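These notes concern the structure reproduced below.
This chain uses plain numbering: 1 for the first residue, then up along the sequence. Keep in mind the model is a prediction, meaning the values are calculated, not measured.
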Amino acid sequence: MAPLPGDRFPSPAGSLRSLTGEGSPPWIRAVTEDDLPALLRLDTEAFPSEPYPYFVLRQFLDVYGDHMLVLDDGTTLRGYVVATSPHAAGSWILSLVVTPGLRGRGLGRRLMREILHRLHAESVTSVRLTVEPGNDTAVVLYRSLGFTPEGEPRKDYFGPGQSRLVMRLAM
């Protein structure tokens, strides 16, 4: 596999204090079982009409725990990302969540860059994700990381009225 260009997916380093404006700098770390209630809170804040239920988050931890990262400021969790374990050199990003009040400060980008860095280190060559077509902020973020749409949004992808844009990144 050819190396990635210079800073395409460098592992995030250093303090995020300037991004949050709060006391303790958050850091990215692996999720633990003790984090599950906080992940449910994050999901409920971010997606009040359709958060992942606790049992789904529990199963994500059990199945994809090695590919589930949280953003921890020492007091509370501020975000998380989960990717599937690599299969046939591919992976899927299943969820990216950042506390609504902290969006637009680069935290989602930091989580994505870290998970992409880790997937690249595991020789993953392709990563996919889905996003609500009207979520312009997320679409812009994913495009800036190199993801491109796989055609037009897919109508009813997650059921009636739940269209999604499928995006892919070749690494």
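Here salt bridge (Lys or Arg N to Asp or Glu O under 4.0 Å) pairs that include residues 126-152, with residues two or more places apart or in two chains, are R128-E150.
What you find for R168 and A170 is that their closest heavy atoms are NH1-CB, 3.7 Å. Considering all non-hydrogen atoms of both residues, R103 and A46 come closest at NH2-CB, 3.2 Å.
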Side chains of residues 53-64: which donor-acceptor partners sit under 3.5 Å, not counting sequence neighbours?
residue: R58; atom: NE; partner: D62; partner atom: OD1; Å: 3.4
residue: R58; atom: NE; partner: D62; partner atom: OD2; Å: 3.3
residue: R58; atom: NH1; partner: E33; partner atom: OE2; Å: 2.8
residue: R58; atom: NH2; partner: D62; partner atom: OD1; Å: 2.5

In a table with atom names and distances, give each donor-acceptor pair under 3.5 Å that connects a side chain of residues 80-99 to protein atoms at least two apart or in another chain.
residue: Y80; atom: OH; partner: D43; partner atom: OD1; Å: 2.5
residue: Y80; atom: OH; partner: S95; partner atom: OG; Å: 3.4
residue: T84; atom: OG1; partner: S91; partner atom: OG; Å: 3.2
residue: T84; atom: OG1; partner: W92; partner atom: N; Å: 2.9
residue: S91; atom: OG; partner: T84; partner atom: O; Å: 2.7
residue: T99; atom: OG1; partner: R78; partner atom: O; Å: 3.0

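At a threshold of 4.5 Å between side-chain heavy atoms, the hydrophobic network of Ile, Leu, Val, Met, Phe, Trp and Tyr places M68 and L129 in two separate groups. In terms of hydrophobic clustering, with Ile, Leu, Val, Met, Phe, Trp and Tyr side chains grouped at heavy-atom distances under 4.5 Å, L71 and L69 are assigned to a common cluster. Hydrophobic clustering (side-chain heavy atoms under 4.5 Å, transitive across Ile, Leu, Val, Met, Phe, Trp, Tyr) keeps F158 apart from L165.
Remark: S144 pairs with R109 by the side chain to side chain donor-acceptor pair (under 3.5 Å) rule, at least two apart or across chains. Remark: R41 engages E45, T76 in a side chain to side chain donor-acceptor pair (under 3.5 Å) (not counting sequence neighbours). With sequence neighbours left out, the salt bridge (Lys or Arg N to Asp or Glu O under 4.0 Å) criterion links R118 to E114. With sequence neighbours excluded, the residues that form a side-chain contact (heavy atoms from CB on, under 4.5 Å) with T137 are N135.
The side-chain heavy atoms of L169 and M112, taken from C-beta on, include no pair separated by under 4.5 Å. Looking at E122 and D66, their side chains never come closer than 4.5 Å, going by heavy atoms from C-beta outward.
Between the side chain of D72 and the backbone N or O of L77 there is no donor-acceptor pair closer than 3.5 Å.
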